[in-house]
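Structure first, commentary second.
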Amino acid sequence: MKHILNGNELIERGYAPGKTLGLALSLIEKGFEEFNKEELITLLLEVKAKPEQFIDHEILEKLATAIIEEAAAPVDETIALSAQATAYTVYGGDQIEEGARKQMNIAMRLPVSVAGALMPDAHQGYGLPIGGVLATRNAIIPYGVGVDIGCRMALSVFDISESHFHENEAQFKRELIAHTKFGAGHGFHGQYKADHEVLERAEFNLTPMIKNLHDKAYSQLGSSGGGNHFVEWGIIEFEKDDGALNIPKGKYLALLTHSGSRGFGATVAGHYTRLAKELCKLPQEAVNLAYLDMNSEAGQEYWLAMNLAGDYASACHEVIHKKLTKAIGAEVLARVENHHNFAWKEVWNGEEVIVHRKGATPAGKGVMGIIPGSMTAPGFLVRGKGETAAINSASHGAGRLMSRTKAIQNISRDQMRAILKEHKVTLIGAGLDEAPMAYKDINLVMDAQKELVDVVARFSPKIVRMADDGSRED
DNA sequence: ATGTAC
């Protein structure tokens with residue numbers, strides 16, 4: 001090397017480390033033989049101070065251009081992640097895929113993260129894993145709630161015996177077909193549209209975007225959508241009297257529904273995720289965890305819209321249950337419901353936090369919830385034990401064993417028919433991606449969360465309706 | 001999860 005000038009000397013004299021420093025060091029090798037070290041430093045500091053005077057310089061033009069560009073570039077607003085992830089508890093660890101753990105590790109490095117937990121049905125999602133619970137300080141993460149805001153379960157227990165149900169299965173199947181609606185984009189039209197007071201809520205006027213969704217929300221009220229959503233008749237068994245629900249031990253007909261906030265919630269989720277990504281710049285590995293400050297206008301807007309979507313999802317279940325209860329002429333003995341894609345303000349370890357449950361069932365002490373299995377595996381009515389390490393949560397189901405594509409490739413129609421026959425389950429709709437074999441063993445998942453919930457009753461699906469195979473439904 | 005890309 002011709003010159004004895006090194007990078008550290010330039011940094012000491014006020015050159016910022018990075019692209020321009022490297023450029024300066026390489027360019028001085030292309031000439032300046034007559035310059036001594038001090039003269040070189042003076043020259044380079046001059047370029048840095050007044051780059052515009054050097055933009056026509058034969059050698060230093062590139063350096064001057066880079067300095068001007070750097071000065072014009074916006075300040076890097078990226079929020080740094082903590083080097084160390086805050087510790088969190090994993091339930092059913094040996095059944096949880098690596099991708100879900102990696103995502104949770106990143107979430108636990110957010111500056112707003114207070115506590116987290118992975119439920120035994122956890123698997124990889126966008127941002128926060130499905131089956132992930134995250135408590136934050138004064139921040140709400142749209143992708144920590146999930147795309148289907150207010151996705152939830154609802155159960156009605158009827159005063160109808162198992163034998164009465166079996167003697168009239170054809171009628172129950174008929175009513176299930178008559179009063180439910182499945183498929184992406186689908187809803188009710190004209191006189192078939194349902195009504196509910198949620199449609200009168202003032203929050204529908206919160207923003208023009210939300211106002212524009214009112215018609216769609218009206219039309220889709222009481223519909224179920226697609227994917228893993230279902231409406232099913234089944235038999236629920238209480239092995240002992242339940243005082244809280246006032247249900248004597250025994251078997252009853254029950255209706256179990258799984259669906260969310262349809263197109264309304266999906267559009268709200270998409271809008272505020274995009275907004276959060278604009279307002280909250282995070283490193284590449286964490287972009288889908290962009291959060292909104294709860295005190296900001298956007299944060300407050302999302303909070304109201306999310307709660308509206310949650311109430312709308314609840315209303316959809318209520319409409320389905322009312323229609324079917326009326327159709328079969330039954331009396332409802334008990335009703336249980338819960339969100340499993342939502343965020344709540346809760347106190348955890350003495351601090352008010354925002355608890356995000358993305359595919360997780362609230363399981364505070366004494367809180368009832370529903371954890372479905374699959375179309376042939378049992379679902380469970382549970383009572384939370386209020387486990388602090390799990391942030392008062394439990395799994396939201398069995399969790400997937402195979403991705404949708406893998407299930408379609410690996411499971412045959414015959415296998416599907418055989419397992420339905422074996423469990424005496426009648427199925428309307430559904431593709432192979434929802435086959436029972438695509439899911440983990442719910443019994444193993446329940447075993448892994450004995451510290452989180454007690455089982456109150458066991459639900460066995462009998463007549464299940466889901467959306468037809470994806471692609472062509474029109 | 002959702003109509004088809006704000």
Side-chain angles (χ1 to χ4, degrees), chain A residues 121-132 141-154 180-189 206-231 257-279 287-288 290 292 298 301-302 305-306 308-310 312-314 316-317 320 339-343 356-360 372 396-397 399-400 403-405 407-408 429-431 433-434 438-439 465-474:
Chain A
D121 61 339
H123 52 102
Q124 205 173 324
Y126 278 107
L128 196 66
I130 319 295
I141 306 170
Y143 261 148
V145 169
V147 175
D148 189 6
I149 299 171
C151 186
R152 69 204 314 272
M153 303 300 304
T180 62
K181 180 77 82 181
F182 282 84
H186 291 203
F188 297 94
H189 302 284
L206 192 63
T207 69
M209 189 270 305
I210 292 168
K211 200 182 181 114
N212 279 338
L213 293 169
H214 189 271
D215 283 356
K216 175 182 268 192
Y218 185 13
S219 160
Q220 295 187 328
L221 182 67
S223 65
S224 297
N228 56 3
H229 290 175
F230 59 76
V231 178
T257 50
H258 177 208
S259 53
S261 52
R262 309 290 289 102
F264 174 64
T267 310
V268 168
H271 177 84
Y272 288 98
T273 292
R274 208 167 39 252
L275 192 57
K277 284 180 176 179
E278 283 169 20
L279 296 173
V287 284
N288 287 327
L292 298 168
E301 235 178 67
Y302 175 76
M306 178 196 78
L308 179 59
Y312 173 74
S314 174
C316 286
H317 285 259
I320 298 167
H339 288 318
H340 54 220
N341 276 14
F342 211 62
H356 302 73
R357 293 190 181 87
K358 185 185 193 181
H396 82 310
R400 276 195 172 274
S403 67
R404 292 186 179 281
T405 27
I408 292 163
D433 49 350
E434 286 302 325
Y439 285 91
R465 187 175 192 192
M466 300 186 86
D468 289 330
D469 284 71
S471 50
R472 38 168 190 79
E473 289 174 38
D474 287 337

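Numbered from 1 within each chain, the chains take letters A, B, ... in sequence-line order.
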(request) Write down the distance between CZ (A:Phe182) and P (B:dA1), rounded to a whole number of angstrom. (result) 12 Å
(message) Measuring to OP1 and OP2 of B:dA1, would you say a side-chain N or O of A:Arg262 lies under 4.0 angstrom away?
(response) no
(request) Indicate, with a heavy-atom threshold strictly under 4.0 Å, whether A:His271 touches base, sugar-phosphate, or nothing. (result) nothing
(message) Under 4.0 Å, counting only non-hydrogen atoms across every strand here, what does A:Gly270 touch: a base, just sugar-phosphate, or nothing?
(response) nothing
(message) Between C1' on B:dT2 and NZ on A:Lys181, what's the gap in Å once rounded to a whole number?
(response) 17 Å
(request) Mind calculating the distance between CZ (A:Arg152) and P (B:dA1) to the nearest angstrom? (result) 16 Å
(message) Under 4.0 Å, heavy atoms only, any strand: does A:Glu278 hit a base, just the sugar-phosphate, or nothing?
(response) nothing
(request) Measure from CZ on A:Phe342 to C1' on B:dA1 and round the result to the nearest Å. (result) 16 Å
(message) Determine whether the aromatic ring centres of residues A:His340 and A:His258 are separated by less than 6.0 angstrom.
(response) yes
(message) For B:dA1 and A:Asn228 - does any side-chain N or O of the residue sit under 4.0 Å from the phosphate oxygens OP1/OP2?
(response) yes
(request) Validate the cation-pi geometry between A:Arg465 and A:Phe230: distance from NZ or CZ to the six-membered ring centre under 6.0 Å, angle to the ring axis within 45°. (result) no
(message) Measuring only between side-chain heavy atoms, which start at C-beta, is A:Phe188 closer than 4.5 Å to A:Lys181?
(response) yes
(message) Just the rounded figure in Å: distance from P of B:dA1 to CE of A:Met153.
(response) 12 Å
(request) Determine the contact category for A:Gly260: base if any of its heavy atoms lies under 4.0 Å from a base atom, sugar-phosphate if only primed atoms, P, OP1 or OP2 are that close, otherwise nothing. (result) nothing
(message) Using OP1 and OP2 only, check whether a side-chain N or O of A:Gln220 sits under 4.0 Å from B:dG3.
(response) yes
(request) Looking at every strand, decide which applies to A:Lys216 at a 4.0 Å heavy-atom threshold: base, sugar-phosphate, or nothing. (result) sugar-phosphate
(message) Tell me which pairs pass side chain to side chain donor-acceptor pair (under 3.5 Å) where either residue lies in residues 262-273 of chain A, with sequence neighbours left out.
(response) A:Ser223-A:Arg262, A:Tyr272-A:Glu301
(message) Can you measure A:Met209 atom CE to B:dT2 atom P for me and round it to whole angstrom units?
(response) 17 Å
(message) Distance check needed: B:dG3 C1' versus A:Asp148 CG, whole Å only.
(response) 15 Å
(request) Output the single nucleotide from B:dC6, B:dT2, B:dG3 whose closest atom is nearest the side chain of A:Arg274. (result) B:dC6
(request) For A:Asp468 and B:dG3, give me the distance from atom CG to atom P, rounded to whole Å. (result) 16 Å
(message) Side chain of A:Tyr126 only, heavy atoms from C-beta on: which candidate in B:dA1, B:dG3, B:dC6 is closest?
(response) B:dA1
For residues 122-132 of chain A, which side-chain N or O atoms pair as donor and acceptor with protein atoms under 3.5 Å away, sequence neighbours left out?
none

